[in-house]
Amino acid sequence: VRVPKDAYDRLKRNAKDPVAVEGVGDDAFIAAPGLHMMANGYYVMIALGDPADAKNVELLKKAGALAAEELAR
């Protein structure tokens, strides 16, 4: 049986140069195509243009924080 955490962990292991993101969900990283996050048992992926662009990274972090807030409700 596959669960969201299994998919997340597999993607994190196999991502090329994942960048850890602190304070967003339970665990999060940025790698193609965007933000990958575990929050309250859900795996969430948010894509936004080039994930290496500093402006996009900040937008991804904000979007991830909002998504995690909603999932906590």
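Heavy atoms only: backbone and side chains are in, while hydrogens, waters and symmetry mates are out.
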>> Assess whether a salt bridge exists between Arg10 and Asp6, defined as any Lys/Arg side-chain N lying under 4.0 Å from an Asp/Glu carboxylate O.
In response: no

Can I get a per-line list of side-chain donor-acceptor pairs under 3.5 Å for residues 59-73, giving both atom names and the distance, sequence neighbours left out?
none

> If every non-hydrogen atom of Ala32 is compared with every non-hydrogen atom of His36, which pair is closest and at what distance?
Replying inline: O-NE2, 3.3 Å

> Mind checking who shares a hydrophobic cluster with Leu11, ILVMFWY linked at side-chain heavy-atom distances under 4.5 Å?
Replying inline: Tyr8, Phe29, Met38, Tyr43, Met45

Review item, side-chain donor-acceptor pairs of residues 15-25, under 3.5 Å, at least two apart:
none

